Amino acid sequence: GLIHSDKALFTLATQALQQSINIAIPLNKPKLLLGPYIALTNIYHVTNANERARFYAEKTLDLARRANHPIYQITSLQMLGITEAMLGNSGLGQHYIEQSIKLANEQISFYYLAQGFSYLGIIKTEQKIFKEAQQWFDKAMQTVSLIPDENQQVYARAFTAGYYARSQAI
């Protein structure tokens, strides 16, 4: 499912991920569901199927909380936040992003902090609060430089720069 997703073969990816879920459920090992759920969330987000993205983000968050898995909690909160914002619920979206930032801060995860700050920049751009959006993107870029893993730093820089460029276009 992930290989198909990386190649933007989303129909094949969703089929494979759903098969993974169908196998994992009877095994009664909830942690096996986290990866497929968040992958489906991301696919539905990328394809603008925001209602489905919200559904899987909520399932991931619930399961991540029960399994006490902070990274999946952070990612599902971020996906819930950006999805809610895209559905026109920017206040709720901002709330979810702020929760993810708090949790990323507790986990000392600069990677997820940078993503959270970028998402707040996106939300503020959509709200046409451009000065505040700029401040969030600046904070995201400052945080990217603190990421110890070079690969994650490159990805976070590209992620932030891409959304910043979109913000500037708006």
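Only a predicted model underlies this, so the values are computations on that prediction, with no experimental measurement involved.
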Do [X] and [Y] belong together in a cluster built from hydrophobic side chains that touch within less than 4.5 Å?
{"X": "Y163", "Y": "F130", "result": "no"}
{"X": "L113", "Y": "I108", "result": "yes"}
{"X": "F137", "Y": "L146", "result": "yes"}
{"X": "I23", "Y": "I3", "result": "no"}

Could you tell me whether the side chain of [X] and the main chain of [Y] form a donor-acceptor pair under 3.5 Å?
{"X": "T75", "Y": "I71", "result": "yes"}
{"X": "T160", "Y": "R157", "result": "no"}
{"X": "T83", "Y": "L80", "result": "no"}
{"X": "T41", "Y": "A57", "result": "yes"}
{"X": "N42", "Y": "I38", "result": "yes"}
{"X": "S20", "Y": "A16", "result": "yes"}
{"X": "Q153", "Y": "I147", "result": "yes"}

Rounded at 0.5 Å granularity, tell me how far [atom1] in [X] sits from [atom2] in [Y].
{"X": "H4", "Y": "T14", "atom1": "NE2", "atom2": "OG1", "result": "10.0 Å"}
{"X": "N22", "Y": "Q19", "atom1": "CG", "atom2": "CD", "result": "7.5 Å"}
{"X": "L34", "Y": "T60", "atom1": "CG", "atom2": "OG1", "result": "7.0 Å"}
{"X": "D149", "Y": "F110", "atom1": "CG", "atom2": "CZ", "result": "13.0 Å"}
{"X": "L63", "Y": "K59", "atom1": "CG", "atom2": "NZ", "result": "8.5 Å"}
{"X": "L17", "Y": "L12", "atom1": "CG", "atom2": "CG", "result": "10.5 Å"}

Step by step, would you call I129 with I123 a side chain to side chain contact (heavy atoms under 4.5 Å, CB included)? CA-CA 9 Å; I129 306 172; I123 290 171; over 6 Å; no

Between F55 and Y37, does the ring centroid distance fall short of 6.0 Å?
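Centroid distance F55-Y37: not below 6.0 Å, so no.
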
[X] versus [Y]: any side-chain heavy-atom pair under 4.5 Å?
{"X": "K139", "Y": "Q135", "answer": "no"}
{"X": "Y155", "Y": "Q115", "answer": "yes"}
{"X": "E126", "Y": "M86", "answer": "yes"}
{"X": "M79", "Y": "I82", "answer": "yes"}
{"X": "Q18", "Y": "L40", "answer": "yes"}
{"X": "V46", "Y": "F10", "answer": "yes"}

Closest non-hydrogen atom pair between [X] and [Y], with its separation:
{"X": "Y44", "Y": "A53", "answer": "CB-N, 3.6 Å"}
{"X": "S76", "Y": "Y72", "answer": "OG-O, 2.8 Å"}
{"X": "L77", "Y": "S100", "answer": "CB-CB, 3.7 Å"}
{"X": "P36", "Y": "I21", "answer": "CB-CG1, 3.6 Å"}
{"X": "P70", "Y": "L103", "answer": "O-CD2, 3.8 Å"}
{"X": "A140", "Y": "A114", "answer": "CB-O, 3.6 Å"}

Exercise. Which is it for F159 and Y119 under the ring pair (Phe, Tyr, Trp, His ring centres under 6.0 Å) test, yes or no, and what are the steps along the way?
Worked result: CA-CA 10 Å; F159 174 89; Y119 283 134; 5.4 Å; yes

Do T125 and S167 have side-chain atoms, one donor and one acceptor, less than 3.5 Å apart?
-> yes

Just by distance, with hydrogens left out, do D138 and Q134 show a side-chain donor and acceptor under 3.5 Å apart?
yes

Practice item. Any side chain to side chain donor-acceptor pair (under 3.5 Å) involving residues 84-99? Give me the pairs, sequence neighbours left out, ordered by first then second residue. Key: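 Counting only pairs at least two positions apart or across chains, the side chain to side chain donor-acceptor pair (under 3.5 Å) contacts touching residues 84-99 are R54-E84, E84-N89, S90-Q127, Q94-E98, Q94-K124, H95-Q99.
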
N105 and K102: CA distance, side-chain angles, deciding distance, side chain to side chain contact (heavy atoms under 4.5 Å, CB included) verdict: CA-CA 5 Å; N105 217 5; K102 180 179 181 226; 5.7 Å; no

For E150, look at atom CD and say whether over 12 heavy atoms of other residues, nucleotides or ligands are found less than 6.0 Å away. no

